[in-house]
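Note on naming: letters A, B, ... go to the chains in the order of the sequence lines (proteins, then strands), and numbering restarts at 1 for each one.
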Amino acid sequence: MRRESLKAIRDMGIEPYPHEAFEVNTFSADIKESFEDDKAGEFENLKLAGRLMSKRGKGKAMFAELQDKKGRIQIYLRRDDICPGEDKSLYNLLIKRHLHLCDFIGIEGFVFRTGMGEITVHVQSFKLLSKTLRTLPVVKKDAEGNIYDAFTDPEQRYRMRYVDLTVNEGVRDVFVARSRTISAMRSFFDKKGWLEVETPILQPIHGGAAARPFKTHHHSLDIPLYLRIANELYLKKLIVGGYDGVYEIGKMFRNEGMDRTHNPEFTSMEIYVAYRDYQWMMEMTEQCLEAVAESVMSTTKVTAGDNEIDFKGPYPRLTMYEAIEKHTGFDISEMGEEDLRKLCDKLHIEVEPSMGRGKLIDEIFDEKVERNLIQPTFITDYPIEMTPLAKKHRSKEGLVERFELFVNGKEIANAYTELNDPIDQRERFEEQLKLAERGDDEAMAMDEDFLRALEFGMPPTAGLGIGIDRLVMLLTGKKSIQEVLFFPQMRPEKRDTEEEKED
RNA sequence: GAUCUCGUAGCUCAGCUGGCAGAGCAUCUGACUUUUAAUCAGAGGGUCCUGGGUUCGAUUCCCAGCGAGAUCACCA
């Protein structure tokens, strides 16, 4: 086994986990991109380090593949180069026998092209940098790109993401895209002069969204605290405080079901800009997403499933009523709760008695419209009942100034002209309390400190939230949120524990 | 939370109607100094997810549990 190899290596006087730095001076992909046969002389004394990903022994020589952060490159080791003297044990024992797949090695050598035409590093000196003790799955690929023995079990991949990242091609790229998405967005906002802030994750009142929270307890205060389901109210308090643009990119926590689009913790971006409204925010959203797609994928066009999606603005805008009329043929703008209930019946949509007018409209939209919105589309002007934190529509009775952006049949962003009238806000919270009494367990709780802040005055403000995980899913063409989270939530692994309970 | 499907070697998977547990890769031994899914010769490797039941006999059939995936419900 590998532990025996470890001992054998130490017995040879070689430290399998050396301390010294190994300074690389190039990467695999750089060599492959820039190598030209008539300039081979420029590709000498190159130092690379990484994991050994394949081994093809040829007796007194060997081909192998080294994987570094940029990809893989073939390396060629010859016994008489590695061991110029009489003692051939370094090659015979260390390399041939005790070097295993996924061990970390450092090499120095020059580049050449083999008879088969592959750009290869001819190794002149070799160092073991770190020994692995576990056998890793070996993924092989043939000339046509067919993959064999891939490490595919999703459970294993998510539980041992380090293995997934190492052996499965392309997995690391997804997370590079994720990181770039966030930094592109951050730099877009920073250039506008808006301030990145951090607000509490532990909150005494979980406000700003409709969802079940995680509950915890603070010992010395002896109070319950909730992991935030949203940060909206805190960010608006900062607008009250005088910043004219604040945003936060961070984790939210919702104690709800898990599936391929939901993880208990997820990353959201929320931004609030003073003296703006939702019309302006739609333009800003277009520019932002265009810039992000351009920066992450080098194009505004991405492929998601069977659809090609273009993030280039401007995006079509439809009101909620228009969208429903377009996809069902019914004009619901004048319908009351009873008529809507009948319509839902006719459309075979299940509803519950606790649902009010807004919730019914939401149901129709979810059932009949949402999945059809493939290209980025703004849906605007929502019923007031569903959105207690948005400002009433400037001209349309019963509506609020809100938009959601749908892409590939999924909501990706949500925004309002923020409600800054403290009296109206208090009434809206009271409406929510009534909904709660009716049995709507998602209704929002009253937040007195937030109301107090509004009473001190908040400028007209536009706010926007974007689900970062889902945006990354779109940009990378992944169908599940687990594919864009390093460590998606899983049930704890069952370990072999001794039974010690005796009653 | 509901329904369906799956769980066999380190990885990918066969295993028929119930009859001694299988393959490829990986690992180990040997050969091979430009191979590339390297090749050739040999070897080792299993709590068939767990616990019950039916049976002469269960990886296979039945029940329960655990874990995962898909679909749905809810949400972002």
Side-chain angles (χ1 to χ4, degrees), chain A residues 1-2 4-5 53-65 72-82 91 96-98 100-102 112-120 122 132-160 163-164 167-168 208-212 229-230 251-270 350 352 359 362-363 366 404-406 410-414 441-442 465-471 473 479-482 488 490-494 496:
Chain A
M1 279 304 298
R2 294 198 171 194
E4 288 160 15
S5 284
M53 296 309 285
S54 75
K55 236 174 124 180
R56 291 185 285 275
K58 287 274 296 172
K60 296 181 184 63
M62 173 191 298
F63 286 92
E65 276 179 300
R72 292 189 187 184
I73 192 164
Q74 178 167 271
I75 62 174
Y76 176 61
L77 297 115
R78 237 169 28 178
R79 188 190 70 184
D80 297 335
D81 295 328
I82 307 285
Y91 181 84
K96 266 181 87 172
R97 181 157 307 175
H98 295 303
H100 289 106
L101 294 186
C102 289
F112 74 109
R113 193 183 287 273
T114 65
M116 302 293 288
E118 177 136 353
I119 294 167
T120 303
H122 189 129
T132 62
L133 291 181
R134 285 180 190 259
T135 314
L136 277 98
V138 177
V139 180
K140 295 199 166 191
K141 210 161 67 165
D142 69 15
E144 279 105 55
N146 298 314
I147 292 177
Y148 299 83
D149 301 323
F151 181 60
T152 52
D153 180 2
E155 177 176 1
Q156 301 268 56
R157 289 183 49 229
Y158 304 151
R159 287 196 196 279
M160 297 191 281
V163 175
D164 186 37
V167 305
N168 285 335
R212 278 170 62 196
I229 57 173
K251 289 276 181 76
M252 302 298 152
F253 307 85
R254 298 191 181 176
N255 206 342
E256 292 172 341
M258 296 161 54
D259 58 30
R260 71 178 199 291
T261 54
H262 296 85
N263 194 64
E265 55 183 289
F266 64 99
T267 302
S268 100
M269 189 296 301
E270 295 233 359
E350 276 184 45
E352 282 166 35
K359 197 84 179 159
D362 198 30
E363 285 295 316
D366 282 354
E404 290 187 304
L405 177 64
F406 290 86
K410 295 265 159 46
E411 181 198 338
I412 199 103
N414 182 17
D441 54 4
E442 292 172 357
I466 293 179
I468 296 293
D469 310 281
R470 289 184 180 177
L471 178 61
M473 284 165 65
K479 291 194 183 67
S480 84
I481 197 169
Q482 286 79 17
M490 305 283 280
R491 278 209 164 72
E493 246 175 309
K494 212 165 54 175
D496 304 331

At 4.0 Å (heavy atoms only), tell me whether [X] reaches a base, stays on the sugar-phosphate, or touches nothing.
| X | value |
| --- | --- |
| A:G467 | nothing |
| A:T152 | sugar-phosphate |
| A:E411 | sugar-phosphate |
| A:N263 | base |
| A:G57 | base |
| A:R134 | nothing |
| A:K58 | base |

field: Distance in Å, A:L405 CG paired with A:I412 CD1, rounded so as to fall on 0.5 Å steps
entry: 7.0 Å
Looking at [N], I'd like to know if its phosphate oxygens (OP1 or OP2) sit under 4.0 Å from a side-chain N or O belonging to [X].
| X | N | value |
| --- | --- | --- |
| A:R159 | B:G67 | no |
| A:R56 | B:A38 | yes |
| A:H122 | B:U34 | no |
| A:K140 | B:U12 | no |
| A:R212 | B:C74 | no |

query: Just how far, in rounded Å, is P of B:A37 from CZ of A:F151?
result: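 Taking atom P of B:A37 as the reference, CZ of A:F151 is at 24 Å.
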Nearest-angstrom distance from the residue atom CD of A:Q156 to C1' of B:A9: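 So the two atoms are 13 Å apart, to the nearest Å.
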message: Taking the C1' atom in each of B:G7 and B:C11, what is the distance between them to the nearest angstrom?
response: 15 Å
task: Take atom C1' in B:U47 and the same atom in B:A23, then report the distance between them in whole Å.
output: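 About 22 Å, rounded to a whole number of Å.
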- prompt: Is there a donor and acceptor pair, one atom on the side chain of A:Q74 and one on the base of B:U35, closer than 3.5 Å?
  reply: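 A donor-acceptor contact between them is present.
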message: Quick check: closest heavy atoms across A:M473 and A:R260, and the distance to 0.1 Å?
response: CE-O, 4.1 Å
message: Restricting to non-hydrogen atoms, name the atom on A:A413 and the atom on A:I466 that form the minimum distance, rounded to 0.1 Å.
response: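 That would be CB-CG1, 3.8 Å.
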task: Taking side-chain hydrogen bond (donor to acceptor under 3.5 Å, both in side chains) as the test, write out the residues that go with A:E265, two or more places apart.
output: A:K251
Could you go over nucleotides 69-72 of chain B and give all protein N or O partners under 3.5 Å, atom names and distances?
{"residue": "B:U71", "atom": "OP2", "partner": "A:R260", "partner atom": "NH1", "Å": "2.7"}

With the side chain counted from C-beta on, respond yes when [X] and [Y] share a heavy-atom pair under 4.5 Å apart, and no when they do not.
| X | Y | answer |
| --- | --- | --- |
| A:P264 | A:R254 | no |
| A:L77 | A:I82 | yes |
| A:F253 | A:N255 | no |

query: With sequence neighbours left out, what residues match A:R79 under salt bridge (charged side-chain N to carboxylate O under 4.0 Å, His left out)?
result: none
Could you list the donor-acceptor pairs under 3.5 angstrom formed by side chains in residues 56-63 of chain A, with sequence neighbours left out?
{"residue": "A:R56", "atom": "NH2", "partner": "A:Q74", "partner atom": "OE1", "Å": "2.6"}

- prompt: Under the ring-ring contact (aromatic ring centres under 6.0 Å, His included) test, which residues partner A:H98, sequence neighbours left out?
  reply: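 For A:H98, no residue satisfies ring-ring contact (aromatic ring centres under 6.0 Å, His included) once neighbours in sequence are set aside.
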Listing time: all N or O pairs from protein to nucleotides 22-24 of chain B that are below 3.5 Å?
{"residue": "B:G24", "atom": "N2", "partner": "A:D149", "partner atom": "OD1", "Å": "2.5"}

